Amino acid sequence: MSRIHVSPAIRRDLRAGRFTMDFAQSGDGALQTYPRRRGPSLILLLSDINMPGMSGLELCRRRKRRDRTFPVIMITAYGDADTRRKALEGGAEALLTKPIDFAALRSEIDSRVGSVGPLS
């Protein structure tokens, strides 16, 4: 399993129980994981575009066909116009470039956590 970098502010939120995160190492893994989190507790799917097997773009398209109740934000090392267009056309709500701007990511999370309420 590769190491996942999480900002100190997000780590504090996780420790405080403000929200939880599930991780999948592939698009197929994400498709198996997110149905267990359906409902108001699933607020965001964050996916890299380049993953083993299924790309993040394909994951986004499949999620769009199955369930549109939560947004997808894509992450990429390539923030060019073509990549952005493909991500947005595939159903992504936003595209963050690497290195990840954790303030922007936290803002996306904050805007959704407030509408869900405390975790039970």
Side-chain angles (χ1 to χ4, degrees):
M1 180 182 215
S2 62
R3 186 167 167 85
I4 299 170
H5 176 76
V6 178
S7 78
I10 292 175
R11 273 197 304 272
R12 280 190 300 277
D13 286 341
L14 289 167
R15 280 194 301 271
R18 190 160 174 258
F19 54 83
T20 61
M21 295 178 128
D22 290 328
F23 296 92
Q25 292 296 311
S26 67
D28 288 324
L31 287 174
Q32 293 171 18
T33 299
Y34 88 76
R36 293 189 300 248
R37 287 285 195 180
R38 273 210 170 112
S41 69
L42 179 59
I43 60 169
L44 178 67
L45 177 67
L46 182 65
S47 174
D48 201 324
I49 286 180
N50 292 318
M51 298 185 295
M54 177 190 322
S55 74
L57 294 172
E58 179 60 24
L59 170 62
C60 191
R61 283 189 290 272
R62 288 187 187 188
R63 188 277 325 175
K64 186 178 175 182
R65 287 193 302 261
R66 289 181 178 189
D67 186 350
R68 294 178 180 223
T69 60
F70 58 93
V72 174
I73 295 178
M74 303 300 302
I75 302 169
T76 184
Y78 311 102
D80 60 275
D82 189 50
T83 301
R84 181 170 301 281
R85 180 188 56 76
K86 286 177 184 176
L88 296 176
E89 285 177 358
E93 193 169 289
L95 180 71
L96 299 176
T97 55
K98 294 177 186 177
I100 297 172
D101 177 347
F102 283 105
L105 175 58
R106 187 154 190 233
S107 176
E108 292 287 346
I109 293 169
D110 286 346
S111 70
R112 288 165 180 82
V113 168
S115 67
V116 173
L119 294 175
S120 51

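What you see is a predicted model; the values in this text were computed from it and never measured. Reckoned from all heavy atoms, side chains included, excluding hydrogens, waters and symmetry mates. Start at 1 with the first residue, then count along the sequence.
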Test item: Ser26 and Met51 side chains (from C-beta on) under 4.5 Å apart, heavy atoms = no

note = Contacts of Arg61 meeting salt bridge (charged side-chain N to carboxylate O under 4.0 Å, His left out) (sequence neighbours excluded), chain-then-number -> Glu58

Show me the donor-acceptor pairs, under 3.5 Å and distance only, between side chains in residues 87-100 and residues at least two apart or in other chains.
unit_1	atom_1	unit_2	atom_2	d
Glu89	OE1	Arg85	NH1	3.0
Glu93	OE2	Arg112	NH2	2.2
Lys98	NZ	Asp48	OD2	2.6

task = Name all residues meeting the side chain to side chain donor-acceptor pair (under 3.5 Å) criterion together with Thr83; count only those two or more places apart in sequence or in a different chain, and write none if there are none.
result = Asp80

request  = Enter the distance from Ser55:OG to Met74:CE here, rounded to the nearest 0.5 Å.
outcome  = 7.0 Å

key: Minimum heavy-atom distance Ala24-Gly29, with the two atoms named   = CB-C, 3.6 Å

inquiry  = Test of understanding: clusters of I, L, V, M, F, W, Y form through side-chain heavy atoms closer than 4.5 Å, transitively. Do Leu46 and Phe23 belong to the same one?
reply    = yes

Check: Ser7 side chain, Ile10 main-chain N or O, donor-acceptor pair, under 3.5 Å = yes

message = Counting C-beta onward and ignoring hydrogens, is there a side-chain heavy-atom pair between Asp28 and Arg62 closer than 4.5 Å?
response = yes

key: Side chain to side chain, Arg84 and Thr76, heavy atoms closer than 4.5 Å   = no

request  = Check Ile49, Val72, Leu45 against Leu59 for a side chain to side chain contact (heavy atoms under 4.5 Å, CB included) and give me the one that passes.
outcome  = Leu45

ask   = Do Arg66 and Arg63 have side-chain heavy atoms sitting under 4.5 Å apart?
value = no

